[in-house]
Asker: 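Have a look at the structure that comes next, please.
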Amino acid sequence: MADYFKPRGTADILPDAALQWQYVEEMVQKVFATYHYREIRTPIFEHTEVFERGVGDTTDIVQKEMYTFLDRGDRSITLRPEGTAGVVRAFVEQKLYGGPLPAKLYYFGPMFRYETPQAGRTRQFHQYGVEVIGSDDPRVDAEVIELADHFLRAVGVTSTTLELNSVGCPVCRVAHKDALVAHLLPIKDELCEDCQSRIVRNPLRILDCKIDAHHPVVESSPMITDHLCDDCAAHFAAVRNYLDLLEVPYVVNKKLVRGLDYYTKTAFEFVEGSIGAQSTILAGGRYNGLVKSLGGPDVPGIGFAGGIERLLLALAANGVSHEVPDEVEVYVMALSNEAHAMSVNILRDLRVVGVVADADYTGRGLKAQMKTADRLNAKVAVLIGEDEVKSGQLAVRDLSTREQILVAQGDTVAKILNILQS
Ligand SMILES: [Zn+2]
Ligand SMILES: [Zn+2]
């Protein structure tokens, strides 16, 4: 019947569902704060170059999925497709590197990618994430991973597997890339079009190509983890050691590579089985080259991002619900125009002291209003009819005992508080 529709791949989050979102957002704030991470809010759009440079212009995100447009000043603007590039841009622009390091930051908000919508994947989607910038200490990697693990369990997702890998650094990656190209070139013609152009530019991506990942030759590719330089190997061993100390279980997945160019060393994903094919609910890793490539000093960083939509699907699959019923404590029923003048004051006075109160605004009769009070599970009803207006006294009814008393207008709030607290 409607003439207007939301754009494909977007969602209207109605009030009941919004309660779940509020719950997740509150848990992010609460849990992340205990690790001394502080929130950063960056613009939803940035200059396109921030993502071309920060995400990598060979990635699918930049090549195929960004919402990019010229603004009225002919600047190329892009709706952020992920959170890290903007946070690092802000870290550099606002000179946070001059403050205490590492900067431990988190964010929460909408992201935009032009993808085919499916369960848990929308074009406007939402992510929470952290970025820790300014330390290469493997304890930071372990803290970030343990924070993710703690958060997922605290929020109610208990059935995840942590997959861990090291994707090396520019030094060890050269050796690995050479080995990979040599291994894959003989089967170049059997790969998809994307992978044929990736084979020299970005052969790592072939390992997680949806079309070619299961080609037997691709499956037997040499792994970066077997080509780590001494520094990366020691770092990876230390991270695993700390995770063992923290009793965070993980499996090493040598096939875990990152779609984003700037990742180095530690890479990890929390995989959840209950929501089908789109099962990664949180992914992250170290990005020691990113700050410098966005014009900042050569400082290392690590972070993760998780999708709220997928998290909510996982919560539903785990039977976790944080919806609360649509309720009020007090329902005020005014039955004439004169009564409305008294009711607006009572409503205001109740709300000022923190009592959840509402009234009818559609001119319905007493019976219909009583029904609404019932549906909203009100504990107290205030009735203001002709007699009440004349006497200046209000009828206050305890809806659990059905006991009703007349109260002077000035005493109403105190009386109602008594009933609510009894
Ligand atoms: Zn290395
Ligand atoms: Zn492919």
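Values reported hereafter were calculated over all heavy atoms of this structure, with side chains retained and with hydrogens, waters and symmetry mates removed. In each ligand, atom 1 is the first atom listed, and ligand 1 is the first ligand listed.
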Asker: Just to the nearest 10 degrees, tell me the angle at the Zn ion (ligand 1) spanned by Cys169 SG and Cys172 SG.
Answerer: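 SG of Cys169, the Zn ion (ligand 1) and SG of Cys172 span an angle of about 110°.
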Asker: Determine whether the aromatic ring centres of residues Tyr37 and Tyr106 are separated by less than 6.0 angstrom.
Answerer: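 They do not qualify: ring centres at least 6.0 Å apart.
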Asker: How wide is the angle at the Zn ion (ligand 2) between SG of Cys195 and SG of Cys192, to the nearest 10°?
Answerer: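 It rounds to 110°.
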Asker: Identify whether the distance between the nearest side-chain nitrogen and carboxylate oxygen of Arg286 and Asp136 falls below 4.0 Å.
Answerer: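 The answer is yes: the pair qualifies as a salt bridge.
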Asker: So do the side chains of Phe91 and Glu131 get within less than 4.5 Å of each other, counting heavy atoms only?
Answerer: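 In short, these two side chains do not touch, never coming nearer than 4.5 Å.
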Asker: Regarding Asp194, does it place an N, O or S atom less than 2.8 Å from the Zn ion (ligand 2)?
Answerer: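 No, since none of the N, O or S atoms of Asp194 sits under 2.8 Å from the Zn ion (ligand 2).
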Asker: So, do Phe304 and Phe270 have ring centers that fall under 6.0 Å from each other?
Answerer: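 No - the distance between ring centres of Phe304 and Phe270 does not fall below the 6.0 Å cut-off.
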Asker: Please work out the angle at the Zn ion (ligand 1) defined by atom SG of Cys232 on one side and atom SG of Cys229 on the other, rounded to 10°.
Answerer: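 Roughly 110°, rounded to 10°.
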Asker: Would Asp244 and Arg240 pass as an ion pair if we require N to O under 4.0 Å?
Answerer: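 Not counted as a salt bridge, because no side-chain N and carboxylate O are separated by less than 4.0 Å.
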Asker: Of all the N, O or S atoms in Asp212, which one sits nearest to the Zn ion (ligand 2)?
Answerer: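 Result: OD2.
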